[in-house]
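Everything on this sheet refers to the single structure shown next.
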Amino acid sequence: MQELKNIKGTHDILPTGIAKWQKIEKVLQKVFTAFCYKEIRTPVFENTALFARGVGEFSDIVSKEMYTFNDKGGESLTLRPELTAPVARSYIQHHFWQDAPVHKLWYLGPLFRQERPQAGRQRQFHQYGVEVIGSSLPEADAEVIALAYSIYRELGLKNFALHINSIGSTDTRKNYTDLLQKTLEAQRQDLCDTCKQRFDVNILRLFDCKNPGCAQIMKNHAPSILDHLSREDAEHFTRVRELLDAMMIPYEVNPALVRGLDYYTRTTFEIKGTALGAQDALCGGGRYDNLLRELDGPDTPAVGFAAGMERLILAMEAEGLFAEDEEGMDLYLAPMDSRALDTAMPLAQSLREAGYSVYVDLLGRSVKAMLREANRKKARHTAVIGEDEIKNRRLQLKSMFNNSVSTLPFEALADALINEK
RNA sequence: GUGGAUGUAGCUCAGUUGGCAGAGCGCUUGGUUGUGGCCCAAGUGGUCGUGGGUUCAAGUCCCAUCAUUCACCCCA
């Protein structure tokens with residue numbers, strides 16, 4: 001008999017750990033609302049073709065990391081490894097552009113990639129992100145970056161750095177990659193094996209290589225894409241920078257920043273957690289002006305980002321941003337036996353309808369045991385219910401903070417709780 | 001897919017040259033009738049990851065395997 005356990009690279013988020021998620025989700029809601037973005041939720045699985053066409057057939061994600069399976073009808077389905085393509089698919093399918101020229105969307109949900117797990121990398125993980133579809137203006141890029149940045153600021157995170165770059169529009173990049181290949185031809189035999197392979201397939205990725213030899217070659221010989229942008233691309237990038245400056249958002253221009261997904265154009269950016277381990281990318285995004293068209297949609301420009309929840313939690317833990325404060329409850333009711341529960345449960349019910357959180361012990365334990373638990377659960381008040389209380393319909397409300405006790409009829413309980421809240 | 005490290009109680013971990021499986025925390029109960037925290041006491045809890053092997057004897061040594069974890073890779 002096989003032991004039942006979670007799948008490798010997945011995690012239960014236990015009751016003891018859920019507060020971290022809820023804290024972040026609350027801030028996300030707040031910031032997205034402040035920016036007037038609307039939430040969108042798409043299914044966790046899609047036709048495999050969506051990702052093959054959207055993300056790029058030769059990207060690592062599609063070529064070796066997807067959970068793909070055939071359903072009973074023989075259709076090839078895939079658990080979503082990213083969310084930009086599904087959101088784009090939804091935009092196209094529901095003809096969003098007929099409703100308004102620009103849509104500002106946000107999402108949060110689980111994603112699936114079959115990679116080897118390590119710190120900051122799971123097989124099921126969660127990302128939040130935004131997509132602004134319908135604007136080609138640099139102002140949209142700046143707003144998206146400002147939004148991404150605001151979330152970390154609002155959460156109180158300190159150790160992070162924003163890197164931005166422009167990889168140009170399609171023509172610019174074609175000219176640049178030709179130039180790169182020409183310039184680096186002489187160094188080609190000195191590159192590592194993977195870089196040799198990438199030389200023809202996707203030479204931009206050489207910038208990502210952590211091999212010191214390759215990094216040195218790139219540093220000494222590779223021209224910067226920023227020196228080879230078209231006039232329009234350069235103006236676009238300059239405007240993005242001006243706006244970030246005006247919003248007092250600190251950034252670093254990093255001409256070696258290239259993204260691994262095929263759909264990006266012009267602006268790319270990444271936010272790195274500077275206190276994280278090897279998996280330090282907290283947030284990655286950029287402009288993708290060709291994706292909608294490639295998915296048979298209208299020729300609509302777009303810009304967005306995705307950010308990892310689990311990595312954010314790691315970064316926040318490293319900075320001690322999660323307080324230990326457990327929620328507690330307004331009242332812990334301690335019925336002494338099942339007859340007392342007949343009285344306690346309706347009483348609790350009416351208090352809950354009045355807006356109080358009330359915990360009822362269901363085990364009929366000793367008073368000492370119940371009070372001990374009430375203390376542990378950080379109850380603000382306790383009340384024992386036994387024979388006297390049932391007979392007189394009065395109880396002793398005890399404050400767990402100052403030990404004060406007041407004797408009250410049941411009907412006066414709600415008012416007493418509000419006074420001490 | 002490739003390397004390194006680690007698997008003992010719910011959690012964090014001890015366990016000597018191979019010789020009765022332990023501690024702290026937690027949880028339960030009690031310390032005079034129905035009142036928490038502190039203290040004291042008792043109790044609960046383990047297929048020592050799994051399967052082989054060596055041995056009178058294996059948590060300890062050997063082999064295999066699985067899992068976890070960190071790094072490569074990739075990315076959020």
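Just so you know, these numbers use all the heavy atoms, side chains as well, and skip hydrogens, waters and symmetry mates.
Annotation: of the two residues near RNA chain B, R116(A) and A278(A), the 5′-most nearest-nucleotide partner is R116(A). Each of K64(A) and N6(A) has a nearest nucleotide on RNA chain B; the 5'-most of these lies closest to N6(A).
Under the salt bridge (charged side-chain N to carboxylate O under 4.0 Å, His left out) criterion, the residue pairs touching residues 17-44 of chain A are K20(A)-E317(A), K30(A)-E154(A), E39(A)-R41(A), with sequence neighbours excluded.
Counting any heavy atom pair closer than 4.0 Å across all strands shown, F305(A) reaches no nucleic acid atom. The residue G129(A) sits apart from the nucleic acid: no heavy atom pair falls under 4.0 Å. If you check every strand for non-hydrogen atoms under 4.0 Å, E373(A) touches nothing. At a threshold of 4.0 angstrom between heavy atoms, the contacts of E310(A) with the nucleic acid are absent. A369(A) comes within 4.0 angstrom of sugar-phosphate atoms only, judged by non-hydrogen atoms across all strands, and of no base. Within 4.0 Å of S366(A), counting heavy atoms only, lie sugar-phosphate atoms of the nucleic acid but no base atom. Residue A306(A) is classed as a sugar-phosphate contact, given heavy-atom separations below 4.0 Å to backbone atoms only. Residue E389(A) is classed as a base contact, given a heavy-atom separation below 4.0 Å to a base.
OP1 or OP2 of C70(B) has not a single side-chain nitrogen or oxygen of Q118(A) nearer than 4.0 Å. Between R121(A) and C70(B) there is no side-chain polar atom (N or O) within less than 4.0 angstrom of OP1 or OP2.
Nucleotides U44(B) and U6(B) have their C1' atoms positioned 29 Å apart, rounded to a whole Å. Taking atom C1' on both U68(B) and G49(B), the two are 10 Å apart, rounded to the nearest angstrom. Taking atom P on both C38(B) and G46(B), the two are 27 Å apart, rounded to the nearest angstrom. Comparing the P positions of C11(B) and G52(B) gives a spacing of 26 Å, expressed to the nearest Å. Remark: the separation of the P atoms in G22(B) and A42(B) is 16 Å, to the nearest Å. Separation of the P atoms belonging to U54(B) and U60(B) is 15 Å when rounded to the nearest angstrom. When the C1' atom is compared between A58(B) and G15(B), the two are found 13 Å apart, to the nearest whole Å. Here the separation of C48(B) from G43(B), taken at their P atoms, is 23 Å to the nearest Å.
Exactly one of D289(A), N290(A), T265(A) qualifies for a side chain to side chain donor-acceptor pair (under 3.5 Å) with T170(A). That residue is N290(A).
A salt bridge links E270(A) to K272(A): at least one charged side-chain nitrogen sits closer than 4.0 Å to a carboxylate oxygen. With respect to the salt-bridge test (charged N to carboxylate O, under 4.0 angstrom), the residues R121(A) and E115(A) qualify. Salt-bridge formation is not detected for the pair E319(A)/K158(A): no Lys NZ or Arg NE/NH1/NH2 atom is positioned less than 4.0 Å from an Asp or Glu carboxylate oxygen. Remark: D337(A) does not engage R339(A) in a salt bridge, criterion side-chain N to carboxylate O under 4.0 Å.
Aromatic ring orientation, H103(A) versus Y91(A): perpendicular (interplanar angle above 60°, classes split at 30° and 60°).
Scanning atom types as modelled, no donor and acceptor separated by under 3.5 angstrom connect the side chain of R376(A) and the base of C27(B). Donor-acceptor pairing under 3.5 Å, judged by distance alone, is present between the side chain of R311(A) and the base of C75(B).
When every heavy atom of L184(A) is checked against every heavy atom of A222(A), the shortest pair comes out as CD2-N, 4.2 Å.
Looking at residues two or more places apart in sequence or on another chain, you find no ring-ring contact (aromatic ring centres under 6.0 Å, His included) involving Y128(A). Remark: H236(A) pairs with no residue by the ring-ring contact (aromatic ring centres under 6.0 Å, His included) rule, at least two apart or across chains. Partners of K368(A) according to the side chain to side chain contact (heavy atoms under 4.5 Å, CB included) rule, which considers only residues two or more places apart in sequence or in another chain, are S366(A), R372(A).
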Pairs under 3.5 Å (N/O, protein and nucleotides 37-39 of chain B):
unit_1, atom_1, unit_2, atom_2, d
G37(B), O4', N375(A), ND2, 3.1
G37(B), O6, N403(A), OD1, 3.1
G37(B), O6, N403(A), ND2, 2.9

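RNA chain B contains the following stems of three or more consecutive Watson-Crick or G-U pairs, with both distances under 3.5 Å: B:1-7 with B:66-72, B:10-13 with B:22-25, B:27-31 with B:39-43, B:49-53 with B:61-65.
Taking only side-chain atoms of V367(A), from C-beta outward, the nucleotide of C72(B), U68(B), G34(B) with the closest atom is G34(B). Taking every side-chain heavy atom of E387(A) into account, G34(B) is the closest of G1(B), C75(B), G34(B).
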